[in-house]
Amino acid sequence: MAMEIFESGLSWEVRANSRHYHKHKQKKSFLCFHWGRYADNVVHSYKYSPLTFLPLTLFEQFQRVANLYFLLMLVMQCIPAISSVPWYITIIPLVTVLSVRGLKDLVNDMARRRSDFEVNSRPCDILVSQSFDSAQWKDLCVGDVLRIHKDQVIPADLLLLCSSEPHSLCYVETADIDGETNLKYRQALSATHTQLTSQPSDETLAAFDGLLLCEEPNNSLYTFRGELHWQGECHPLDHAHVLLRGTVLRNTAFAYGVAIYTGADTKILRNSGKQRVKTTQVEKVFNRVVIGIVLSVLLVALLHAILSGVFSSQVMGNADISSTVVVNANPVYTGFLTFWSYIILLSPAMPIALYISFELIHTVHSQFIGWDMEMYWQPAGRPAQARNTSLNEELGQVGYLLSDKTGTLTQNRLVLRQCCIAGEIYGDASVRAEDVEPMDLSWNPFSCGGLHMSAPSLVEKLRGQQCPPSRQFLTALSLCHTVVTEWKEEALFYQSASPDEETLVGAARELGWVFLSRARDFISVSELGVTRQYQLLALLDFTSKRRRMSVLVREPEGGLKLYCKGADIVILERLHKDLQYQERTERALELFSQACLRTLCVAVRSVPEASWEQWRKTLAQSAAMATCDRDALLEKLYDQMERELQLLGVTAIEDRLQEGVPETIALLQQAGLKVWVLTGDKKETAVNIGYSCKLLDPDTRLLEWQELRQILQAPDPGVSFFKARQMELWAVDKKMAGAKTAVVLTGPELAEFDQRPEWGSTFMSLAEHCQSVLCCRVTPGQKADIVKLVRKHTSSVTMAIGDGANDVNMIKTAHVGVGMAGVEGGQAVQNADFALSQFRFLQRLLLIHGRWSYRRISLFLRYFLFKTCGFALVHIWFGFFNGFSALSMYETWFIALYTVLYSSFPVMCLGFFEKDVSAESSLSWPELYKSGQRQELSSPLILALSLLYAVYSSLVLFFIPFGVFYDTALDYQTMAFTVAMAATFTATIEIMLLTRNWTKINIAAVCVSVVLFFIGTGITHSTVLFKKAPADYIFIGVLAKAFVDPVVWLTALLTAWTAVLPSFTAHAVNITLTVHDKQKVHSISPQPVELKSTFRRGTSLRRSPNALF
Amino acid sequence: MMASSYNAKEEDGHHSGAPAHGGAAAAAAKSKKPDNTAFKQQRLPAWQPILTAGTVLPAFFVIGLIFIPIGIGLFVTSNNIREFEIDYTGVDVDSPCYSCARNFSWNNTAPCLCSVDFTLEQPFESNVFMYYGLSNFYQNHRRYVKSRDDSQLYGDRSALTNPSKECEPYRMSDGQAIAPCGAIANSLFNDTLELYHIDSNGTRNTIPLVKKGIAWWTDKHVKFRNPGGNNNLTAAFRGTSKPVNWRKPVYDLDPSDPDNNGFINEDFIVWMRTAALPTFRKLYRIIQKKAVTTPTLPSGRYVLNISYNYPVLSFDGRKRMILSTISWMGGKNPFLGIAYITVGSICFFLGVVLLIIHHKYDTRNNSADIPN
């Protein structure tokens, strides 16, 4: 037995109805020791208890390098020999930072604790000795038998034993797990169903003593493997037998189940992994600058330490007046101590308060995105959402937008517009869906409208029973799917994971083939009023790899039929050789895809009884195998069955463009973004969508694989690319040649890139000149590979936008991932950094929020760098005139309060409210967005210039007062105050120069900062505080004395003005020159958004064919 | 000076009036709808100064036009201040204090006397401030600056007998606490300067030097306090020792005036207010104007008598005596005026340069700015 368990990998053992067995194996932990096997069903998402809050939060926060650095500073400041400033200087900012973050964590944790409590105390019915008792979720234990009511949330991963419905079917809604709101059915084993429902009582359930062997807890939501050993028989189990925690029971009065995984072992909790941390470009550059600062601080400290040693050895000879200057009469030791003193003294140049302000600004920016009314989608009641609050400025720098097609560019509200049955085309796609004249379907009691296809001839044929292929076609549509029915108020509703299926089944219903219900083994269909029961023998499900699905049914007459539907390419290669309508059908396919319709082929096969028997046996064998081999084997088996098909017809579904897509794409292209479309659809469909959404212009030349391949293989790809272009008549110059070309690739062709990695960079440099790149027929994995390709070969920021589970990979890989909250469920949103409801909201997200965020954050970082460095580097210059002794240029209290009080509010306001142009102008002049792509405000050069500027201002801050105070009777404390005042003024004037948008709050913040400086200084210079602690407030009376000294004022004003003079001049130069630039913007785009009115859907459709073929 | 636009865009209620749907779903949807407030929609009314060349360039000229006159005013004021400076360190062999400088020892009990003759070319009209100046003296060295105990100086009794560790190595002497402790106090400037005017018939007239009123009011009355009041200082300082380099204990700094003795001796207070830079001067005495008609210091010959106690040669320092009148801006300070003129000129120059650039790139209309 043990050996067997080992082999099959089914090592998780659950005994039904034996609490005592599992209870003592429950997971327990004390401190860091854990033992036991089964988790209890209590959710512990909170981290802190009253006892552990302080140590844990401190531990977490000191994992950040910046905080650790300042803790180190703090420790060093407590060593008297090197303490150049008292310890409380660092502790004020540090404690502020720690407590703000700690408080934030605490509030979050309290919320988690509350929700945990709420979840843990939800009621559930547990079978305890012969009867069901009401208990709470947290009391649940592995092996317990539960009773679930209708609309109840399932408390743990359960094995469905039986339900109140026939065949023990039950329906669950998995919205909490994958965001899909449709119902999915689960079914109990027929063994448990028959045994346990024959005498439906609590006793039979209490007597259930099955032994479950399953795989270890894992995070795969869609697979499960296990065995039920009961009454001497072994029944294989898969995910259709399992009810997952977090799903909701629907349409089913009762369901009974036994708990397999509880608490932390459940699939949903196993899935709640941590979001991958993405850092922005700006932050990366800035971190590098901070490292640079730290290194230069170390260097300067070292230099000063050496000079201090030299100085000491010079004065050491005279033991009289300067004898205190040398420690232990040892210049080397003195220098060593001075080194650390300077590190402490210069540490304010490393901006500690920056990180907390940075986070705060990011949070507010994210809130702004959620608060934007114009990104609120009224029909669904959904505002935009910033799920990741640290990527805002990246939105202002996006260079490549990689978009999914279905559901992102298009509405994913599908309508059957045309079909082709037996070579005959029905319906007309040239008419708008709304304008289609509704057919008279009054003969059909199940019809409820919604069919946008007018084909009276088809209805006639169907009702007149003339055309067997069309009848079969509709039978296929009504049988081959995974749709679930639901009766609501006497009306039949369909729910499905795939919108295509829902549309097709709905269309079949309108035409008289009504899918009525689905049981475990039967599907009932009303065919023109005649109800027929098909026995469902096998369902060969859809995967993105297979791109098709089939059902194998036994007709009421006894015949075996395989109905298959899928992508044209896979179906066509599986067709029976000699086929009458093939050519006409292929023509139809071509026509459909030119009209931007999604096509599916429908086919049928009559299966001989003998081959079915054989196939069934092999299937049963392989179903019991271990997972990895089994999947491959199943695929092979399915492949065997789906052969020699007979083509019935083609469906053409229209997937309509979302509102505002062409305008948005045009605007984004004007803003310098490269928009690429990655889709799983056919090349023709993708290209046509490309034309209709203005991604491609009518005269755009498509560069396809054959040609591209030649270019890539050419020794000098750039040259041959342009040569090829120059052959074209319209190619006027090189720039235009590139701009009017789009690359079209398909998945299999992309796969070649794997073998030729050197093509990547060539391709990217080529693609940079192109208008767009369309990738069709790509798998989710390839989508992510394309993102990786772009990331690898360009320095641009990539943004991926998509709506379905197939886009998750790409969303996660891109710098910024945007999820469309649409029809296809919530997986994309779950993994995205931003969630939008409409593609056109991208305009605002990028051009307004992104641009503003980028500008605000860049200005904020630059200013912060300037402010802290300019202020701290003064000590370097002062060192040359105080014997390199690390005497502070400022009063210690000033150092502590400067970053926190005197200079922080205006820059925060800048970070919140700054805008150079209004939202409307941002959209009217998309070219303004390009500055973000070029990193104009945050390039390393700019940051280096800010640093240089800071060094300059520190020089001014020191040397002008130096000149004034040299050989005068004015003392050190007066000079310290003068420099402090000048530094505060400099910081204030600089922020006034940077601020372009003066709200009342900005004005108040600037005034408050200056006033606070005088109040704060007045307090620390006051008599009262001096009397309390003479040693800490030695600057007593300085403010009063200096305040009335004209020299101090004149010096401070001159210093401050001189310090900001370069910035002021730069602004002036900028203004003098950019007036010119902005005028250019005017002349280039007199009506920047003219596209809005000119776009009409119908015209663009007709335009495409000649461009493609 | 700057053109400005004030856009108050409070479009209230424009979007909130969407038709209300019935039913729970609509209500739930409604709750998620963002509020239409100026703050949340980032439409806070704001003043956006429109900066154009026309508004920014004049700023340079205006600043220049403000700074240059200020600078000239400061420069003229500074130049009108009479100042006389004499170095009496005694570096050169022929200088009067050469022997005193050479033969210095802390143990000398008798002060070494020397006198320097000098001539004032022009009379000093108003009150004259007498400073001593030291060069290359690092009174702003951190170890030096910290070597004091403000609690002790504030008259704290426990600090008097148990001074702060910062005072090391001038904390204890022979088992007794040093009062005042620390290196600053220990290195108190202790030269005595006397000034004589030699009138036309060759007689020496002592010029009265006022020694009170030279310290800051807060220092004299708050920061420095004698332990147990100003009476009977000898008793108050019992159990303490004088600083090593001092000739007399702190309570003998000015025995004649109890208000100027002990920690509140003004010479001591002035010394304790440490200088910002290694070359500095400190107020020593004030020569007050006596009569309206005669200048405080008429032009003519003077003699400066020095009791040379303070060694500076060991660290290559210099000692000076400075006589100066003062103005509203304090003592002579040519730097500030020059700096103002320089910065003002630079602004002016930048203004001109920008004007040229602006004209070169002159655009046909200046209103082509992006509307805010």
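Both backbone and side-chain heavy atoms feed into the values below; hydrogens, waters and symmetry mates do not. Per chain, numbering begins at 1; letters A, B, ... match sequence-line order.
- You'll find the side chain of A:Trp1057 reaches within 4.5 Å of the side chain of B:Cys347, heavy atoms only.
- Heavy-atom distances place no part of B:Ile322 under 4.5 Å from chain A, backbone and side chain included.
- Scanning for side chain to side chain donor-acceptor pair (under 3.5 Å) contacts around B:Arg281 gives A:Asp967, B:Glu83, with sequence neighbours left out.
- Looking at B:Trp217, there are no atoms closer than 4.5 Å to chain A (heavy atoms on both sides), in backbone or side chain.
- Considering OG1 of A:Thr999 and CH2 of B:Trp47, their distance stands at 12.5 Å, rounded to 0.5 Å.
- From A:Phe912, atom CZ reaches atom CZ of B:Phe39 across 7.5 Å, with rounding to the nearest 0.5 Å.
- The parts of B:Ala339 that come within reach of chain A are both its backbone and its side chain, each placing non-hydrogen atoms under 4.5 angstrom from that chain.
- Within the 4.5 Å cutoff, the side chain of A:Lys1027 has heavy atoms near those of the B:Val222 side chain.
- For B:Ile346, the part sitting under 4.5 Å from any heavy atom of chain A is the side chain, from C-beta outward, and nothing else.
- Using a 4.5 Å heavy-atom threshold, the side chains of B:Tyr138 and A:Leu887 count as separate.
- Partners of A:Tyr966 according to the side chain to side chain donor-acceptor pair (under 3.5 Å) rule, which considers only residues two or more places apart in sequence or in another chain, are B:Thr279.
- Side-chain contact between B:Leu350 and A:Leu1061: present, with at least one pair of heavy atoms (C-beta onward) separated by less than 4.5 Å.
- Proximity to chain B is absent for every atom of A:Tyr1033, based on heavy atoms less than 4.5 angstrom apart.
- In this structure, chain A has no heavy atom under 4.5 Å from any part of B:Arg225.
- Put simply, the residue from A:Met375, A:Glu374, A:Met373, A:Gln367 that forms a side-chain contact (heavy atoms from CB on, under 4.5 Å) with B:Pro34 is A:Met373.
- The structure places CG of B:Asp219 at 9.0 Å from NZ of A:Lys1041, a figure rounded to the nearest 0.5 Å.
- In this structure, chain A has a heavy atom under 4.5 Å from the side chain of B:Ile70, while its backbone stays farther away.
- The closest donor-acceptor contact from the side chain of B:Gln48 to the backbone of A:Asp916 lies at 3.5 Å or more, if one exists at all.
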